[in-house]
Amino acid sequence: MPTVMCTRTRAGVATALALPLALLSTMAQAGSKTDQGASLGDAQGGKKGQNITVRTKVQTTVDGAPGSTKSGSLSSTDSNWTPPACWYEPAFSPKEIQSTVKTWRNFDISFFYGIGDFIGDSLDQRYKNGHPYKNYNLDKQGEGMFWAAAVNPNRKDEPEALSCDKPPFWVDEGDPPKEPLAVSPQVLAEYAYDELPVPDTEIKMAPTGKSTVNLPTWIWLDKAKFKKLSVTASLPGTGLSATTTAEPVSLHIEPGTADAETYPASGECAINEDGSIGEPYAKGKAGKTPPCGVSYLRSTGDGESYPLSATVTWKINWTSTNGDGGDLPDGTFGTTQDVTVQEIQSVNR
């Protein structure tokens, strides 16, 4: 269980805490233990030391992802939406808040003597002396938790990670917090979106090696790799859980040059009924048009190539333990590979 946080009880305190916040990484490595068994290693200094957050306790499990392939993270097709960079979740019991203050009081450094007591006094103003909590809420032990800011580890360096800048606040058990950024099934679902391990978009091509001017290059994707997958995110002890599912729907081809034609003309190759995309080239198909592919109209120069990009679009939806659910923005993930194009020379006699 994490322990330690709280800044900005007043402007002067926030400024004075800048130095100890900078030392949190050292403290985390030491993993100093409190009387309640929690560890300072569970606390983290926020970006530029402006806030202290806790490592999230949200757990994720993956279903359906191939284990023997490279993977990446989705990018939302909605430029106005991203998974949450931070949220608030239950983090500390009254006894753990009390233990945190005691731990800070025992902390000192040679060039800043008394800093531990200074921070302890500042924390006590909020959690002991009635501003707004009295005696750490010890009389409510077992009846609720202090909720604290947790940062999405995938987005810890984004400015939005500083949005959860409230110090820990009390929430009675069974009473939903009146805080828009409080963890919920939808927040869990959106976090799971960030954790979807979609397979690397490494297309198969024929001919391999070099393409030829004006001759179609066939492109396809293995159906065993591109199939539905899901991530379930849950917060232990709360009953909150959500499952986010991604299903591939199409492959988009960008030849890397205007001197090319794609098949189909839109460059958008739909997924087949069996889950594959495109069609493997086979002997006897040389005169046919591929369902997914490209024809280059101009050769590349010596030592040069065209950057062909292949991007898979995934349809995303979510469900949860409380019956909530719905759609999330489509996601994309793609890769780029170099294609060399040769021109076959003929000689007239």
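Start at 1 with the first residue, then count along the sequence. Predicted model only: the values in this text are computed from it and were never measured.
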Next on the checklist: Between Gln125 and His131, is there a side-chain heavy-atom distance shorter than 4.5 Å?
Outcome noted: yes
Checklist entry - Is it true that Glu247 and Lys227 have a side-chain N and a carboxylate O under 4.0 angstrom from each other? => result no
Checklist entry - Would you say the side chain of Tyr191 lies within less than 4.5 Å of the side chain of Thr60, judging by non-hydrogen atoms? => result yes
Checklist entry - Is a side-chain donor or acceptor of Tyr133 paired with a backbone partner of Pro94 at a separation under 3.5 angstrom? => result no
Checklist entry - Tyr136 and Val101: which non-hydrogen atoms are nearest, and at how many Å? => result CE2-CG2, 3.9 Å
Item to check | Donor on one side chain, acceptor on other, Gln342 and Ser299, under 3.5 Å | outcome: no
Next on the checklist: Using the rule that Ile, Leu, Val, Met, Phe, Trp and Tyr join whenever any side-chain heavy atoms are under 4.5 Å apart, tell me whether Ile203 and Val249 fall into a single cluster.
Outcome noted: no
Next on the checklist: Quick one: does any side-chain atom of Thr100 pair with a main-chain N or O of Glu96 as donor and acceptor, under 3.5 Å?
Outcome noted: yes
Checklist entry - Sub-3.5 Å donor-acceptor pair from the side chain of Glu254 to the main-chain atoms of Gly256, do we have one? => result no
Checklist entry - Quick one: NE2 on His252 to OG1 on Thr313, what's the gap to the nearest 0.5 Å? => result 8.5 Å
Checklist entry - What is the distance from atom CD of Glu160 to atom OG1 of Thr82, rounded to the nearest 0.5 Å? => result 6.0 Å
Item to check | Trp218-Ile271 co-clustered via ILVMFWY side chain contacts under 4.5 Å | outcome: no
Checklist entry - Got Leu235 and Val183 here, is their nearest side-chain heavy-atom distance under 4.5 Å? => result yes
Checklist entry - Are Leu240 and Val58 connected in a single hydrophobic cluster, I mean Ile/Leu/Val/Met/Phe/Trp/Tyr linked by side-chain heavy atoms less than 4.5 Å apart? => result yes
Item to check | Pair Asp194-Asn152, side chain to side chain contact (heavy atoms under 4.5 Å, CB included): steps then yes or no | outcome: CA-CA 9 Å; Asp194 241 358; Asn152 182 342; 2.9 Å; yes
Next on the checklist: Check whether Tyr127 reaches the backbone of Pro168 with its side chain - one donor and one acceptor, N or O, closer than 3.5 Å.
Outcome noted: yes
Item to check | Minimum heavy-atom distance between Thr245 and Ser230, given as atom pair plus value | outcome: OG1-CB, 3.5 Å
Next on the checklist: Please tell me whether Asn106 and Trp104 have a donor and an acceptor in their side chains that are separated by less than 3.5 angstrom.
Outcome noted: no
Checklist entry - If every non-hydrogen atom of Val151 is compared with every non-hydrogen atom of Lys156, which pair is closest and at what distance? => result CG1-CA, 3.6 Å
Next on the checklist: Between Glu279 and Asn272, is there a side-chain donor-acceptor contact under 3.5 Å, judged purely by atom types and distance?
Outcome noted: no
Checklist outcome for this item: All heavy atoms of Thr300 vs all of Val339, minimum pair found to be CG2-O, 4.0 Å
Checklist entry - Okay, side chain of Ser122, backbone of Phe118: is any donor-acceptor separation there less than 3.5 Å? => result yes
Next on the checklist: Once rounded to the nearest 0.5 Å, what's the spacing between atom CG of Asp302 and atom CD of Glu304?
Outcome noted: 8.0 Å
Item to check | Between CG on residue Leu215 and OG on residue Ser295, distance to nearest 0.5 Å | outcome: 7.0 Å
Checklist entry - Any side-chain donor paired with an acceptor under 3.5 Å for Thr217 and Ser211? => result yes
Next on the checklist: Please determine whether side chain to side chain contact (heavy atoms under 4.5 Å, CB included) holds for the pair Thr332 and Leu74, giving the CA-CA distance in whole Å, both sets of side-chain angles, and the decisive distance to 0.1 Å.
Outcome noted: CA-CA 5 Å; Thr332 60; Leu74 291 173; 5.8 Å; no
Checklist entry - Pick one: which of Asp259, Thr212, Val213 meets side-chain contact (heavy atoms from CB on, under 4.5 Å) with Val341? => result Val213
Item to check | Main-chain N/O of Ser241 paired to Ser320 side chain as donor or acceptor, under 3.5 Å | outcome: no
Checklist entry - Is the distance between the ring centroids of Tyr88 and Trp147 less than 6.0 Å? => result no
Next on the checklist: To the closest 0.5 Å, what do you measure between OG (Ser250) and CG (Leu221)?
Outcome noted: 10.5 Å
Checklist outcome for this item: Nearest heavy-atom contact between Glu261 and Tyr263 is OE1-OH, 4.1 Å
Checklist entry - Are Thr244 and Glu195 side-chain neighbours, meaning at least one heavy-atom pair lies under 4.5 Å? => result no
Next on the checklist: Between Lys134 and Asn129, does the side chain to side chain contact (heavy atoms under 4.5 Å, CB included) criterion hold? Intermediate values first, please.
Outcome noted: CA-CA 5 Å; Lys134 186 175 181 179; Asn129 300 333; over 6 Å; no
Checklist entry - Roughly how far apart are Glu173 CD and Glu143 CD, rounded to 0.5 Å? => result 8.5 Å
Checklist entry - Should Asp121 and Arg105 count as an ion pair when the cut-off is N to O under 4.0 Å? => result yes
Checklist entry - Is any side-chain heavy atom of Leu328 less than 4.5 Å from a side-chain heavy atom of Glu190? => result yes
Next on the checklist: Is the shortest side-chain heavy-atom distance between Asp324 and Gln186 below 4.5 Å?
Outcome noted: no
Next on the checklist: Regarding Thr243 and Thr232, do their side chains bring together a donor and an acceptor under 3.5 Å, going by distance alone?
Outcome noted: yes
Checklist entry - Do Pro199 and Leu229 come within less than 4.5 Å of each other through their side chains, counting heavy atoms only? => result yes
Next on the checklist: With a sphere of 6.0 Å drawn around CD of Glu202, does it hold more than 12 non-hydrogen atoms of other residues, nucleotides or ligands?
Outcome noted: no
Checklist entry - Is the Trp81-Tyr193 ring centre distance short of 6.0 angstrom? => result yes
Next on the checklist: Under the criterion side chain to side chain contact (heavy atoms under 4.5 Å, CB included), I'd like the reasoning laid out for Thr56 against Trp87: C-alpha separation, chi angles, the key distance, then a yes or no.
Outcome noted: CA-CA 9 Å; Thr56 182; Trp87 54 82; 3.6 Å; yes
Checklist entry - Looking only at atom types and distance, does a side-chain atom of Gln141 sit under 3.5 Å from a main-chain N or O of Ser93, one as donor and one as acceptor? => result no
Item to check | Expected output: side-chain Asp327 to main-chain Asn317 donor-acceptor under 3.5 Å | outcome: no
Item to check | Lys288 atom NZ, neighbour heavy-atom count above 12 within 6.0 Å | outcome: no
Next on the checklist: Is there a continuous path of hydrophobic side-chain contacts, each under 4.5 Å between heavy atoms, that joins Ile219 to Phe333?
Outcome noted: yes
Checklist entry - Passes salt bridge (Lys or Arg N to Asp or Glu O under 4.0 Å), Arg298 versus Glu343? Steps please. => result CA-CA 8 Å; Arg298 186 185 299 272; Glu343 187 166 7; over 6 Å; no
Checklist entry - Do Ile253 and Trp314 sit in the same hydrophobic cluster, where Ile, Leu, Val, Met, Phe, Trp and Tyr count as joined when their side-chain heavy atoms come under 4.5 Å apart? => result yes
Checklist entry - Does Ser234 reach the main-chain N or O of Pro236 with its side chain, forming a donor-acceptor pair under 3.5 Å? => result no
Next on the checklist: Using a 3.5 Å distance criterion without hydrogens, assess whether the side chain of Lys57 forms a donor-acceptor pair with backbone atoms of Pro90.
Outcome noted: yes
Next on the checklist: Could you check whether any side-chain heavy atom of Tyr281 comes within less than 4.5 Å of a side-chain heavy atom of Lys204, counting everything from C-beta outward?
Outcome noted: no
Next on the checklist: Can you confirm if the aromatic rings of Phe146 and Phe169 lie within a centre distance of less than 6.0 Å?
Outcome noted: no
Checklist entry - Near Asp274 CG, under 6.0 Å, is it more than 12 heavy atoms from other residues, nucleotides or ligands? => result yes
Checklist outcome for this item: Pro307 and Asp338 have their tightest heavy-atom pair at CA-OD1, 4.2 Å
